[in-house]
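Structure first, then comments.
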Amino acid sequence: MADADAPQIAYGLQGVVIDDTHICKIDGEVGKLYYYGYSIEDLAEHCSYEEVVYLLLKGELPNAEQLAQLKKELGAARGLPYGVRDVIKSAPKTSIPMDVLRTAASALALTDPAPADNTEQGRYNKAIRLIAQFPEIVAADYRTRRGQEPIAPDPELGHAANFLYMLHGEKPGDQAARTMDCALVLHAEHSFNASTFTARVIAATLSDMYSSITGAVGALKGPLHGGANEGVIKNLIDIGEPANIKSWLDDKFATKGFRLMGFGHRVYKVLDPRARILKKFSERVGAEAGTTKWFEMSDAIEKAMLEREKPLYPNVDFYSASTYYMMELPPEVFTPIFAVSRVAGWAAHVIEQQANNKLIRPKAHYIGELDKPFKPIDER
Ligand code: COA
């Protein structure tokens, strides 16, 4: 029977505006993205990840002195605590890298010198610590599961270059370092997406930065969110050759509910501006690696998807997958790399949420029975 009093439900909170924010603006109708008012195109072209971290945490771009100070703080926060190393070492080799990252993020709280300090400065210190530690956790886990020793950070290297160095054990060339740096800039922030919203919900209970970020890692892991980039490369490998694209897509779309990873978006109704930038990287990195196959296949899939009856555009995860793959990064670190970048955005939102806090607690429309006759256990 229809419930005449049924409220209007915003499934998936679609279209619901729940707060003001200064951090990020997405215009999904025209495909524009801004961090604190700066366009993603300008940030990607001109800024390092560290400058974007400063922007997200402080609300303005740093001058040279402020940037040097931030780099000093990030450098001082490097070096995995023993407890976190033990978490990584004790994880079975079969464990999922995002599970290790989530557990290690939580374990970081246990080695914080002032875990209960939730002042403005305390939140900032925790943010710096998490941003500095995430690349180390991901790299240490990557090497440990291969039977290799983790590599200590190199104080001479910037955030992106140092991350690649700790993964591969070799200092990256300028081009590889710049590509990773730009990928980190592009993934750093994206308004009230699922993982950021998770972080804000946790922060809104006045819980701490580590709890918020640990929850956010768990939300990012899902294939409808950050986990999609791993799915993209699996699909490319499965398709194998450009000639197979059309039949592969037709086959898959014949199954009801099929989702093509790296396509579609809740907010963008046109091309995701980050995908446009990453597409250029995918092409360039492929050419440098001497194999343009993955880029060309990605480009052909994009075109095929736009020709379908219900066209879909690629999102950020689509071209990052082929870019990383051609940088010799294995698919299981693709989503952790997303987290290595996004941790800055999450931290910025925790800080913003707690600066003007309101508990986040929506209501539900109950559709079960009421006043059921209670039976004691031996009568059920
Ligand atoms: N593959 C196939 N169909 C898709 C699709 C995709 N990637 N993305 C959206 N659609 C279709 C849905 O089936 C739905 O069709 P319908 O109206 O006929 O039922 C319609 O487009 C709207 O999709 P919906 O799931 O309601 O939109 P959403 O805003 O809830 O979902 C995503 C957004 C991102 C979860 C969705 O686009 C998706 O699953 N993408 C693949 C995963 C991915 O790349 N995630 C990373 C996002 S950055």
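Start at 1 and go down the list; that is how both ligands and their atoms are numbered. In this chain, residues are counted from 1 in sequence order.
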Q: Report yes if some N/O of Gln14 lies less than 3.5 Å from some N/O of ligand 1; otherwise report no.
A: no

Would you be so kind as to tabulate the donor-acceptor pairs closer than 3.5 Å made by side chains of residues 248-262, with sequence neighbours excluded?
unit_1	atom_1	unit_2	atom_2	d
Trp248	NE1	Asp238	OD2	2.9
Asp250	OD1	Arg308	NH1	3.4
Asp250	OD2	Lys246	NZ	2.8

**Q.** Any side-chain heavy-atom pair of Leu271 and Pro314 under 4.5 Å
**A.** yes

**Q.** Part of Phe258 with heavy atoms under 4.0 Å of ligand 1, whether side chain, backbone, both or neither
**A.** backbone

(Q) Regarding ligand 1, does Asp317 bring an N or O atom to under 3.5 Å of one of the ligand's N or O atoms? (A) no

Q: Please work out whether any backbone atom (N, CA, C, O) or any side-chain heavy atom from C-beta onward of Asp272 is under 4.0 Å from ligand 1, and answer side chain, backbone, both or neither.
A: neither

Q: Give a yes or no on whether a salt bridge exists between Lys221 and Asp99, defined as a side-chain N under 4.0 angstrom from a carboxylate O.
A: yes

(Q) Could you tell me if His159 and Asp181 have a donor-acceptor pair between their side chains, going purely by distance under 3.5 Å? (A) no

Q.
Please work out, at 4.0 Å between heavy atoms, whether the side chain, the backbone, both, or neither of His225 comes within that distance of ligand 1.
A. backbone

Q. Does Leu224 reach ligand 1 with a nitrogen or oxygen that is under 3.5 Å from one of the ligand's nitrogen or oxygen atoms?
A. yes

Q.
Is it the case that ligand 1 has an N or O less than 3.5 angstrom from some N or O of Asn315?
A. yes

**Q.** Check: Leu260 N/O within less than 3.5 Å of ligand 1 N/O
**A.** yes

